[in-house]
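Since the structure comes first, as structure tokens, the remarks are kept for the end.
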2 protein chains.
Amino acid sequence: MPRKRATIREVAQATGLSPAAVSYALRGMQVSEETMERVRAAAAELGYEADPIARALASGRTNMIGLLCGSLEDLWQQSLAVGISRGLREKDRYALILDAVGDPARERALAQQLRDQRVDGMIVQPVDPAAPFWSELCESLPVVAIGDSLAGTAGEVVFDNRRGVTLALEHLHAMGHRRIALLTPTMTSTPDRPADVLVTAEADRLGLDIVVATAPHGLAAATDAAHRILDAHRPSAVFCFADSIAYGVYAAAAELGLSIPGDVSVMGYDNHPMSSLLTPGLTTVDWDIDGIVRAAVRLMSAAADGGARRRRVVQQPTLRERGSVGHAPTVGGA
Amino acid sequence: MPRKRATIREVAQATGLSPAAVSYALRGMQVSEETMERVRAAAAELGYEADPIARALASGRTNMIGLLCGSLEDLWQQSLAVGISRGLREKDRYALILDAVGDPARERALAQQLRDQRVDGMIVQPVDPAAPFWSELCESLPVVAIGDSLAGTAGEVVFDNRRGVTLALEHLHAMGHRRIALLTPTMTSTPDRPADVLVTAEADRLGLDIVVATAPHGLAAATDAAHRILDAHRPSAVFCFADSIAYGVYAAAAELGLSIPGDVSVMGYDNHPMSSLLTPGLTTVDWDIDGIVRAAVRLMSAAADGGARRRRVVQQPTLRERGSVGHAPTVGGA
DNA sequence: CCGTATCACTGAAACGGTTCACAACCTTGA
DNA sequence: TCAAGGTTGTGAACCGTTTCAGTGATACGG
């Protein structure tokens, strides 16, 4: 028989105090040491545990943090979500993990739903950082953005993508690659893709020839996209703006009988643990995922606890050279 | 200005009805068509959305389902969690994802916390299915178990592990392997490991020589464990009871200069998407993950909606042959 | 024409906490 | 001795719904 749980009133009765006093006592405020001890004992005795729902209704705080991911088909984002969820749990909060699957409209809807669900704050990986609803959202609750800057957030863990792109392209350039395909994650109807403009700008600087395409995160779909671009353009290297997309390139290359890096080089972005296991290992831009997790959790906790001072943490990447980028084949003469 | 949201009283006032009538109307009960229309219009006008917290307090239902995973370091379980979370969202429920990290004590604590959090039900991958608290828990809310049977659950999605193990071992046997290492996921202090007894029993039947060890799911830690067992026993094949552990064997084999399947064969269990990408592809026991997700979501929805009829779905595996299991080297004579 | 259902709706009591305003008591300092 | 101030604790309002019991109508069967 799961008998009804004890209420605060029963504890009050047991101790001869008022419910208010018990409430204060259990949260360590405004009462004498001795009373606190008595209340604690009675609570333990009765197996009393404050009902989080009632507490949320009365206090306005739910202890839940919304975690709005860009696309959980991306293994790296999965790791990020798992890490953040664990980190929040350690701070006695729960994560409500939602997946925008790369769709700005869905992202907007989910953000709305999370707010309606009364989360204490949100950690987001914006699909469409330029969407106007963000600033509105940021006014109604603390938001920590990961990856992109967002107007009005309480905190930001931003990536120095400029540096990441430079690292990747300079390495490709140094290895002699000139004709490069860029594969960025597919996002339904995002107007401008910052990654694309960043990469093309940097490519211009280096005198590289870039052809741009998009690919979904899922392995099967990414493979199709990679297949198409390899077929159509025969680049000497493909730069994937997410490791999970690079995995698709591996699969497509196998299908096409292309060897990596002999026939085509592959550069990733993220450094998911699996990337070290492929043959050849995926050369990729490494973003310290643990650092990101820690920073996000720390900023969110601080903001949700009221210390909503706007803070910004910038992540710096490093290049992780493995075997997937080789020298470009020397075409033609000289 | 995020002005306070509208309450049901304001809608009542706007329509000239009582709050009760509005409450009924918005849920399509007990009121005339015409009133319903009027209420809907007024609610839309005011931007009214029922507060889930207040609703939960009054009705006792939170629309949240706890998802208690065995170990989210396992990539396959990550996929499972992501899939279930998405499936529940489609049914207008939220998933509260928690990670027991293979620890029965932690599992117990988290289950307790989820119940305190007033979830409408729990989907669990039990680390310790024999723990006594499960049956108690099952009495207080609907539970759907994945992987293992649990006393008193509303639903079960169980794996025919017997068949899975047979599939794997018979294949290894057919390929000439006799000396096999078994690597099962590490779980803190679980008394008996069903996987071990299942495998050793089947191995006996087939006349196989099995040495048992455990490995954590994380790549680095799994690699260490694999390294040790390869070093110590030089098995001709290692059977990993999770693909993520097999990944560790790949890494360890590389460190040791062992070729797969030339020097050592590897058999997995799960079939995570990445397993097809390794070189050689991981031969593994494939459990239809989409089917599991669908079944779990369906059972949970049904149970949480009151149709708590105890249901059991049994999953059947198939063997996915890729390249990681080869013929055993012929040792000695004949 | 009367009793009985049915329908549409209302009032008030939950649900289980938190928090505000205030009271009682005890110190303290002048 | 008295005003000021600091602790402890209290009572009641409140958070925003749902739900139960009940109230007038209106319809209906006999």
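In this text, all values refer to a predicted model and were calculated from it rather than measured experimentally. First the proteins, then the strands, lettered A, B, ... as listed; each starts at 1.
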**OP:** Between D:dT18, C:dG16, C:dT18, spot the one nearest the side chain of B:S23, thanks.
**Re:** D:dT18
Original post:
At under 4.0 Å, does any side-chain N or O of B:Y48 touch on OP1 or OP2 of D:dG16?
Top reply: no
**OP:** Figure out the CE/P separation between B:M29 and D:dT19, and round it to whole Å.
**Re:** 7 Å
Original post:
Given atom CD of B:E33 and atom P of C:dC9, what is their separation to the nearest angstrom?
Top reply: 11 Å
Original post:
Would you call A:K91 and A:D305 a salt bridge, using N to O less than 4.0 angstrom?
Top reply: no
Subject >> Which residues share a ring-ring contact (aromatic ring centres under 6.0 Å, His included) with B:W287, sequence neighbours left out >> reply: B:F159, B:Y269
Original post:
Picking from C:dC15, C:dT18, D:dC15, which would you name as closest to the side chain of B:L57?
Top reply: C:dC15
**OP:** Would you kindly give the CD1-to-C1' distance between A:I8 and C:dC15, to the nearest whole Å?
**Re:** 14 Å
**OP:** Let me know the distance between CD1 of A:I53 and C1' of D:dG16, rounded to the nearest Å.
**Re:** 13 Å
Each nucleotide N or O in nucleotides 9-14 of chain D that has a protein N or O under 3.5 Å away: list the pair and distance.
{"residue": "D:dG9", "atom": "OP1", "partner": "A:T35", "partner atom": "OG1", "Å": "2.6"}
{"residue": "D:dG9", "atom": "OP2", "partner": "A:S32", "partner atom": "N", "Å": "3.3"}
{"residue": "D:dG9", "atom": "OP2", "partner": "A:T35", "partner atom": "OG1", "Å": "3.1"}
{"residue": "D:dT10", "atom": "OP2", "partner": "A:S18", "partner atom": "N", "Å": "2.9"}
{"residue": "D:dT10", "atom": "OP2", "partner": "A:S18", "partner atom": "OG", "Å": "3.0"}

**OP:** Examine D:dG16: is either OP1 or OP2 under 4.0 Å from a nitrogen or oxygen in the side chain of B:R55? Give yes or no.
**Re:** no
Subject >> Pairs where residues 31-47 of chain A contributes a residue and the test side chain to side chain donor-acceptor pair (under 3.5 Å) is met, not counting sequence neighbours >> reply: A:S32-A:T35
Original post:
Could you give the CD-to-P distance, from B:Q13 to C:dT10, as a whole number of Å?
Top reply: 13 Å
Original post:
Between B:T153 and B:R312, do the side chains contain an N or O donor and an N or O acceptor separated by less than 3.5 Å?
Top reply: no
Original post:
Which residue pairs pass the side chain to side chain donor-acceptor pair (under 3.5 Å) test when at least one of the two sits in residues 290-301 of chain B, sequence neighbours left out?
Top reply: none
**OP:** Please state whether the phosphate of C:dT18, meaning OP1 or OP2, lies under 4.0 angstrom from any side-chain nitrogen or oxygen of A:R61.
**Re:** no
**OP:** Give the rounded distance in Å between these two atoms: CG of A:L46 and P of C:dG16.
**Re:** 15 Å
**OP:** If a pair satisfies salt bridge (charged side-chain N to carboxylate O under 4.0 Å, His left out) and one of its residues is in residues 62-86 of chain A, list it, with sequence neighbours excluded.
**Re:** A:R86-B:D99
Original post:
For the side chain of B:S59, counting heavy atoms from C-beta on, which of D:dT17, C:dT18, D:dT19 is nearest?
Top reply: D:dT19
**OP:** Please collect all side chain to side chain donor-acceptor pair (under 3.5 Å) contacts where either partner lies in residues 47-70 of chain A, sequence neighbours excluded, each pair once.
**Re:** A:D51-B:R118, A:T62-A:D120
Subject >> Interatomic distance, B:L26 CG vs D:dT19 P [rounded to whole Å] >> reply: 14 Å
Original post:
Could you give the CG-to-C1' distance, from B:D116 to C:dG17, as a whole number of Å?
Top reply: 15 Å
Original post:
Contact class for B:R118 vs. all strands (heavy atom < 4.0 Å): base, sugar-phosphate, or nothing?
Top reply: nothing
